[in-house]
Amino acid sequence: MKKSFLVTILLLLLSVGGICASFYIVDAKQNALTIKETVLFGDKAAAEGIQVAYRMNEQKQLFWDAEYTVGERSTVHTKYRFTQVRQPDDRRVFPNVRISDPIGFKLSASVADLKTPSLKNFERSSYVSKPAEEVETRTMPGETREETFFIRDYCEFYPITMQVYIPIDDRQKIGETEVVAFDWKCSDYFKIPISPMHKIKVAVTKDEMGKTLEVTSESDSGDINFMPQVVRTTSGLFCTLTLNDAHTGENVPMPQELSGIHFIPMEDIQDNHEPKSARMVYPLNPQTTRVVRLEKSFTQEQLLLLTEENDQIMLSVLSADGKQLLHKMEVCKAARKAEVLAIKQYDKLSMICFSDGTFVLLTNDTSGVYAVAMRGSFKEFKPIAEILDTMALDYDGRRLAVVCYQCERRYGTYLLVYEKNALRYAGQYNPTIDSIPTPWNEQNTDSLSVRCK
């Protein structure tokens, strides 16, 4: 009995000692947290007083809310907490509304399949079946024969089917997003004439006995790309559709009656039916205007429409129903083959980022009036794609501060400071807990922020 009591006391002491040791190690790691600063470009004085805040964690149990302030002697402040139970991922995801339209008249099937109404690609394959049957009659046993046709000889309009995926909630945790999805065969609404130059290749293969084994088809030349822009609001979907030549990239004008912003009511989507009430709400001239981007404003109270007109990128601010123009302004000159990658929006501040690495910073008021505050470029520092995914920014009327995570490190950050349209400072900041590289998509981008004092 005495031995059992002693063993129990010993185990209790070891347990208490283990807990104390664990808290000592945790506390030591807390106290040891520092951030290493490396000047990559320019004068650090340009970043004087700028504060960057973000959250770090180890195994979802040790958490640091860190803030560093740039100065002659940069300072670091952290708030620390520890939990014995691993915390769930608190990163959030925004809804991803997509519309796709896979039109290439590309398929692989038998002639029997081409005549089967249940075939998944039947709407498109039905247009291919007639030229395929013509090739079949000219294909000898044991031969593969290929011929080229103008698809316009067999159908008048492109057979467009749009797949729409809409998350149920505006913001849900990672792994919890549910979607409403439907296929919309919208050829009767978007009647886009097939290009008279669009050719398809059709090949038929027969065995030695003359039985058809396979039919294949694909676009050969003259085809076009369909580029939709979609915005979801509480009332429904706003969408635009632009066309370009699949080989040259040149703009192909939309039919006049289809050029503009279209609206699909939410009732049609929620009922999971093919939209019956789609309609044009904001027409555009296809000869002078090309849609570049369509988004909601930060307040969700307006639509933002970027267009290319007379070699200029223009911003139009529309009412929530898309029918009324509230404000229009010139953003910048249009650069050849430079597309808009993203519009980063914050309260009274927006940044339009282009694929050539340039950006335009805009300020705005609550009425929807925007003004250009700065133009600059990321390309002298990093590829823009590495910056966009985790970017946060602030502007004090003179300096623009941009902070983003490093792709190659877990919690390391870059800080960029711009003034008078030029990069004045670039710095790298790595915390001491950042010892194991982690993919950028595991970073908590919601918690990253920057503030110009």
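Sequential numbering from 1 along the given sequence is applied to the chain's residues. This structure is a prediction, so every number in the text was calculated from the model and none was measured.
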For the residue pair [X] and [Y], what are the closest heavy atoms and their distance?
| X | Y | result |
| --- | --- | --- |
| M280 | L258 | CE-C, 3.7 Å |
| Q287 | P253 | NE2-CB, 4.0 Å |
| A47 | Y425 | CB-CD2, 3.6 Å |
| R232 | K296 | O-NZ, 2.8 Å |
| A392 | Y346 | CA-OH, 3.5 Å |
| C155 | I194 | SG-CD1, 3.1 Å |

Roughly how far, to the nearest 0.5 Å, is [atom2] of [Y] from [atom1] of [X]?
| X | Y | atom1 | atom2 | answer |
| --- | --- | --- | --- | --- |
| F41 | Q428 | CZ | CD | 15.5 Å |
| I50 | D394 | CD1 | CG | 8.5 Å |
| E147 | S217 | CD | OG | 13.5 Å |
| E309 | N285 | CD | CG | 9.0 Å |
| L349 | N364 | CG | CG | 7.5 Å |
| L315 | L362 | CG | CG | 6.5 Å |

Does a side chain donor of either [X] or [Y] reach within less than 3.5 Å of an acceptor in the other side chain?
| X | Y | value |
| --- | --- | --- |
| N430 | Q406 | yes |
| S355 | E339 | no |
| T240 | H262 | no |
| S316 | Y282 | no |
| T248 | E250 | no |
| N251 | N244 | no |
| E134 | Y154 | yes |

Donor-acceptor under 3.5 Å ([X] side chain, [Y] main chain):
| X | Y | result |
| --- | --- | --- |
| S259 | L284 | yes |
| T242 | M227 | yes |
| R145 | A203 | no |
| T358 | G376 | no |
| T139 | V135 | yes |
| R375 | V331 | yes |
| R399 | A46 | yes |
| S219 | S221 | no |
| S297 | Q302 | yes |
| S319 | Q324 | yes |

Give a yes or no on this: more than 12 heavy atoms of other residues, nucleotides or ligands lie within 6.0 Å of atom CE of M329.
-> yes
Considering residues, nucleotides and ligands other than D365, do more than 12 of their heavy atoms fall under 6.0 Å from its CG?
-> yes
Take M351 and Q345, measure what side chain to side chain contact (heavy atoms under 4.5 Å, CB included) needs, and give me the verdict at the end.
-> CA-CA 7 Å; M351 178 182 283; Q345 296 190 62; over 6 Å; no
Go through the steps for E218 and K201 under the test salt bridge (charged side-chain N to carboxylate O under 4.0 Å, His left out), then give the verdict.
-> CA-CA 5 Å; E218 63 182 348; K201 291 188 296 186; 3.7 Å; yes
Hey, mind stepping through E136 and K206 against salt bridge (charged side-chain N to carboxylate O under 4.0 Å, His left out) and telling me if it holds?
-> CA-CA 8 Å; E136 183 191 30; K206 288 185 177 181; 5.2 Å; no
Parallel, tilted or perpendicular, as decided by the 30° and 60° cut-offs, for the rings of Y418 and F359 | perpendicular
Between E308 and the options V291, I313, T289, T288, the side chain to side chain contact (heavy atoms under 4.5 Å, CB included) test singles out I313
Measure the shortest side-chain to side-chain distance between L243 and N225 over non-hydrogen atoms and say whether it is less than 4.5 angstrom.
-> no
So, do L341 and F354 sit near enough that their side-chain heavy atoms are less than 4.5 Å apart?
-> no
Could you walk me through whether Y429 and Y68 pass ring pair (Phe, Tyr, Trp, His ring centres under 6.0 Å), step by step?
-> CA-CA 9 Å; Y429 296 82; Y68 63 81; 4.4 Å; yes
Test side chain to side chain contact (heavy atoms under 4.5 Å, CB included) on L241 and F190 and set out the steps.
-> CA-CA 9 Å; L241 190 60; F190 286 113; 4.2 Å; yes
